[in-house]
Amino acid sequence: MNITATHINYYHICHRKLWLFTNGISMEQTSDTVADGKLLHETSYQQRADRYREIELSFTLTNHISLNGKIDFYDVKNKLIHETKRSDKMETAHEWQVKFYIYLLSLNGSDGVKAILEYPRIRTTKEVSLSEEDIQHLQEVFSNIQKIASLAQCPERINSTICKSCSYYELCYVGD
Ligand code: SF4
């Protein structure tokens with residue numbers, strides 16, 4: 001199974017969302033929030049494009065899980081990933097997403113990498129690093145993602161305030 005940062009992000013937000021995504025049901029293109037986030041990402045870093053590298057990484061684990069990631073802004077010299085987000089409401093998911101990138105870089109021979117999460121709209125940044133415990137957690141997450149993806153039935157919806165900004169909102173709450 002291919003696991004990307006999107007899987008890691010969705011796993012930490014909602015297992016139903018992860019299941020829908022891994023089973024080929026994608027509605028991201030209809031989400032204004034997602035489109036807004038992509039625009040923010042592009043405009044926030046326009047001036048930085050020359051200073052940072054976009055890199056694509058992959059690594060195959062022994063248990064037939066393939067990890068894949070695309071880091072948009074990587075400062076090679078300072079070993080620093082820059083990831084910008086629209087809001088910090090889902091900060092835990094954002095943190096695990098960049099920890100996944102750091103882990104992928106370490107699997108590809110780059111140690112000592114850190115990440116900066118940037119929230120330009122609220123003028124906040126957060127530094128993220130990867131610990132041994134984080135690596136253990138990620139390895140459990142990879143296994144759990146496989147299990148969730150292969151469930152015969154979609155997990156229950158989470159009835160959270162975050163649902164209203166989720167691209168699957170209409171699908172989950174149609175008829176209510
Ligand atoms: S709308 Fe809520 S329950 Fe449905 S996938 Fe999104 S976060 Fe999960």
Side-chain angles (χ1 to χ4, degrees), residues 1-44 56 58 61 63-73 81-104 115-126 128 130 133-176:
M1 177 183 182
N2 272 334
I3 292 181
T4 67
T6 303
H7 294 89
I8 304 296
N9 187 299
Y10 288 2
Y11 176 87
H12 290 94
I13 293 173
C14 169
H15 291 183
R16 181 180 174 92
K17 183 170 175 134
L18 174 65
W19 186 93
L20 290 165
F21 175 69
T22 54
N23 283 274
I25 303 161
S26 177
M27 301 179 78
E28 290 288 318
Q29 65 277 16
T30 65
S31 165
D32 288 344
T33 303
V34 171
D36 193 25
K38 282 184 178 159
L39 181 65
L40 174 80
H41 197 272
E42 284 159 13
T43 53
S44 297
E56 289 194 43
S58 62
L61 298 175
N63 52 355
H64 305 295
I65 292 175
S66 177
L67 309 178
N68 297 280
K70 183 165 88 68
I71 303 170
D72 291 329
F73 294 97
I81 297 162
H82 286 261
E83 180 72 27
T84 185
K85 296 293 185 188
R86 186 171 173 271
S87 91
D88 63 352
K89 273 190 201 155
M90 287 178 258
E91 192 173 64
T92 300
H94 301 159
E95 283 180 24
W96 283 110
Q97 181 184 340
V98 292
K99 284 180 182 185
F100 172 70
Y101 291 148
I102 297 172
Y103 186 45
L104 250 181
I116 299 280
L117 280 171
E118 301 192 357
Y119 301 98
R121 288 192 173 165
I122 53 171
R123 297 173 189 274
T124 300
T125 61
K126 178 163 189 181
V128 180
L130 185 74
E133 291 77 26
D134 292 335
I135 292 172
Q136 280 177 16
H137 174 76
L138 280 173
Q139 284 167 349
E140 285 167 23
V141 168
F142 301 151
S143 168
N144 289 341
I145 286 173
Q146 273 191 311
K147 287 181 195 150
I148 291 167
S150 59
L151 287 174
Q153 284 199 320
C154 185
E156 292 294 311
R157 65 190 191 192
I158 58 172
N159 297 322
S160 161
T161 52
I162 66 163
C163 291
K164 287 205 170 157
S165 57
C166 174
S167 57
Y168 292 110
Y169 180 77
E170 303 243 325
L171 186 149
C172 289
Y173 292 90
V174 68
D176 278 13

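If you read the sequence from its start, that first residue is 1, and numbering goes on from there. All ligand and atom numbering here is 1-based and tracks the order in the structure.
Contact annotation: the side chain of Leu61 never approaches that of Ile3 to less than 4.5 Å [non-hydrogen atoms, C-beta and beyond].
Using a 30° and 60° split on the angle between ring planes, His12 and Trp96 fall in the parallel class, below 30°.
No donor-acceptor contact under 3.5 angstrom links the side chains of Asn68 and Thr4, judged on distance only. Side-chain contact of His94 with Glu83: a donor-acceptor pair under 3.5 Å is absent, judged by distance alone.
Atom 4 (Fe) of ligand 1 has Cys172 SG as protein N, O or S atoms under 2.8 Å away.
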Legend entry - Residue pair Lys85, Glu91: steps toward the salt bridge (charged side-chain N to carboxylate O under 4.0 Å, His left out) verdict: CA-CA 9 Å; Lys85 296 293 185 188; Glu91 192 173 64; over 6 Å; no
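The minimum heavy-atom distance linking Gln153 with Trp19 is given by the pair O-NE1, 3.7 Å.
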